[in-house]
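Here's the structure we're looking at; comments come further down.
Just follow the structure's listing: the first ligand is 1, and inside any ligand the first atom is 1. One is the number of the first residue; the rest follow in order along the sequence.
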Amino acid sequence: MANTASIEIDGKKHEFPLVEGTENEVAIDITKLRSATNGVITIDPGFKNTGSCESGITFLDGEKGILRYRGYTIEELAEKADFLEVAYLLIFGELPTKEQNDKFHEDIKAQAVVDEDVKKILDAFPKSAHPMGVISSLTSALTAFNPSSVNVDSEEDMYRSVVKILGKFPVLVAWTFRKKEGLPLDYGDNSLGYVENILKMMFKKPNSEYKQNEILVNALDKLLILHADHEQNCSTSTVRIVGSSHAGLFASLSAGISALWGPLHGGANQAVLEMLEAIKLDGGDTKKYMAKAKDKEDPFRLMGFGHRVYKNFDPRARIIKKAADEVLGDLGVVDPILDIAKGLEKEALEDAYFVDRKLYPNVDFYSGIIYRAMGIPTDMFTVMFALGRLPGWISQWREMRLRKEPIGRPRQVYIGATERKFVPIEER
Ligand code: CMC
C-alpha cells in the first residue's frame, strides 16, 4: 500500500503521509493540511471519519464486533479478571501482579474517605435532583478539596491522583444514591473487595446487616468491566479535550460525566427502561412501538438499539445478555417489563428496517434490566455507567497528558453573516 495520500485543490496536488496503527487501521495525517494549502481544513460533523489521537488503550472493530483493552479481549477479561485488575490494566498498561494489585487496592482504600464538608454540598441538593447532576457536581467539588492540577512528570503524583479518585468516587456514588433514598450516609467497609464494598455502601440499611449476594457482585463486576473503556466516545473525548487545557483530573472527569448523561450516550440505559415502562403503560403493544421507531415522521427511536461504531453486534451486549439471564433466573425475577424487552429484541432482530441498518441491541439494552433487578432506581443507571467508565477516562486522560498532546481546538467553516454595519437600536 502507498504511504501517502494526495489531495488536489485548484489543480495543485498535496501529498500527506498515511499513518498505520498496530491493527492496520490507516489514517491520513493532515496535521500540515492547513499550512500547506493556505487555509483549507477538513469538516466532519460528529467526527465520523476523524481520529482525534493515537491511543494504545482500547481497540475496537465495529464491523467484526471486537473490543480489546490493552490487547486482551473483553470476553476474556469479563470472564477471568475483576474490575480493579481491569482498571489497573487500562490505566497502567499491564495486568497487575498479585503484589501490585494488593497495593493498588490498599492505596485506593486509604483514599476512600471524603471530606465531611462534601456532605454539606450534598445536603443542598433537593431529593428530586437527578443523580447525574449531583455526581458531576460532587466530582467537580472534589477539586476544591484536592489540588486541581497533577504534576504529570511525576509518576508518584499521577499514581496518587488515580488512587484518590478511585477511592472517593464510589463513596460519592453511594451517597448520591442514599441521599435520594433518604438513607444515612455510609463509608462502607474496607475489609471488603472493591465491588462488594460498593454494593454494601449503597444498600446497607441502618438497622440490619448487609448480606452479600455473589450473583449480584459478579454481575456488577462484569457490568463495570464492560463499561470500563470504549476508546474515543463522546464522554472520553470530552475528558481528553478538557484535560488538554491542563485542567485538573477531577475537573476533566466531571465534564466527562456530564457528557455521559445524554440519552444518546450513557443516558441510554435510563432511556431504555423509561421506554419499556412507557410501552407497558400503553398496553404493552411492542408492534406499535416498532412502527413508531421506523416512521421517519416520528422522532421516537428504539432506545438500546444501534451503535455509532458497532454495526454487526455489540460484543458487550452478548456478554451482558448472559449475565442478565443468570441474575434474573437466580433472583427469580418475574417482571412484565422483561417480557416487553424480550418481545422488542425478537421483533427488531427479525425486522428488515433494523437488519438493513445493522441496528442491534447494545450493552445498554441489557444493563438497565440487570440494574433494575438489583434494586437500583432508573435514574441511577447512568451513574453506575460512570462508575464503570472511570478507569477508562482516567487512562485516556493520563495517556493524553503523558503524550503531551496539544490543546484540543477544532476549526470551523464559518457560515454566518459577512461583515455588516452596526445599526443603532432606534433604527432597527
Ligand atoms: N431506532 C430507530 N432507528 C434508528 C435507531 C434506533 N435506535 N438508531 C439508528 N436508527 C436509524 C436512523 O434513523 C438512520 O436511519 P436512515 O438511514 O433511514 O436515516 C440509521 O438508523 C442510521 O442512524 P444514525 O443516527 O445515522 O446512526 P449513528 O451512528 O449516528 O447513531 C446511535 C448511533 C447510538 C446514536 C443511534 O443508533 C441511537 O440513537 N440509538 C438509540 C440510543 C442508544 O441506544 N444509545 C446507546 C449507545 S451504546 C452506549 C454508549 O456507548 O454510549
Side-chain angles (χ1 to χ4, degrees), residues 44-50 57-63 65-67 69 74 132 223-239 256-276 278-279 286-321 324 341 343-345 347-371 378 381-390 392-393 396:
D44 185 20
F47 309 121
K48 289 193 178 191
N49 307 282
T50 299
I57 301 171
T58 290
F59 172 71
L60 69 87
D61 181 328
E63 304 303 323
I66 294 172
L67 172 62
Y69 300 159
I74 192 66
M132 280 301 275
L223 272 169
L224 298 178
I225 291 174
L226 296 180
H227 280 115
D229 196 46
H230 214 229
E231 53 116 300
Q232 308 312 316
N233 54 79
C234 178
S235 57
T236 302
S237 301
T238 302
V239 170
I257 294 169
S258 298
L260 187 74
W261 192 356
L264 297 192
H265 189 15
N269 53 13
Q270 173 174 344
V272 169
L273 252 286
E274 285 169 353
M275 174 188 78
L276 296 174
I279 298 176
T286 48
K287 294 211 165 44
K288 176 176 165 189
Y289 283 84
M290 286 291 290
K292 272 167 78 61
K294 294 189 280 184
D295 179 358
K296 292 290 161 202
E297 301 303 311
D298 190 325
F300 175 79
R301 279 189 168 197
L302 214 50
M303 298 315 280
F305 281 78
H307 198 275
R308 168 59 62 81
V309 185
Y310 295 121
K311 297 298 179 194
N312 275 316
F313 64 91
D314 179 343
R316 303 167 302 170
R318 281 196 173 168
I319 300 169
I320 212 59
K321 180 175 164 37
L344 276 181
E345 183 191 16
E347 281 167 42
L349 290 174
E350 289 166 359
D351 190 290
Y353 173 97
F354 284 85
V355 173
D356 292 350
R357 288 171 180 74
K358 302 189 169 187
L359 302 169
Y360 298 89
N362 59 50
V363 67
D364 285 328
F365 188 69
Y366 302 105
S367 66
I369 292 172
I370 301 187
Y371 287 139
T378 312
F381 290 179
T382 317
V383 174
M384 302 309 286
F385 188 159
L387 188 63
R389 185 54 54 89
L390 193 64
W393 288 330
Q396 300 275 349

- Contacts of Lys294 that satisfy salt bridge (charged side-chain N to carboxylate O under 4.0 Å, His left out) - sequence neighbours left out: Asp351
Please tabulate, one pair per line, all N/O donor-acceptor pairs under 3.5 Å involving side-chain atoms of residues 301-308, not counting sequence neighbours.
from   : atom 1 : to     : atom 2 : distance (Å)
His307 : ND1    : Val309 : N      : 3.0
His307 : ND1    : Tyr310 : N      : 3.3
Arg308 : NH1    : Gly46  : O      : 3.3

- Query: Around ligand 1, what residues show up once you keep those with a heavy atom under 4.0 Å from it?
  - Reply: Lys48, Leu264, His265, Gly266, Ala268, Ala293, Lys296, Arg301, Leu302, Met303, Gly304, Phe305, Gly306, His307, Arg308, Lys311, Arg316, Tyr353, Arg357, Leu359, Asn362, Asp364
- Check: Thr286/Glu347 side-chain N/O donor and acceptor closer than 3.5 Å: yes
- With sequence neighbours left out, what residues match Lys358 under salt bridge (charged side-chain N to carboxylate O under 4.0 Å, His left out)? none
- Query: What closest approach, in Å, do Ala259 and Ser235 show between heavy atoms, and which atom pair accounts for it?
  - Reply: CB-CA, 3.7 Å
- Task: Quick one: sort the Phe300 and Tyr289 rings into parallel, tilted or perpendicular, breaks at 30° and 60°.
- Result: perpendicular
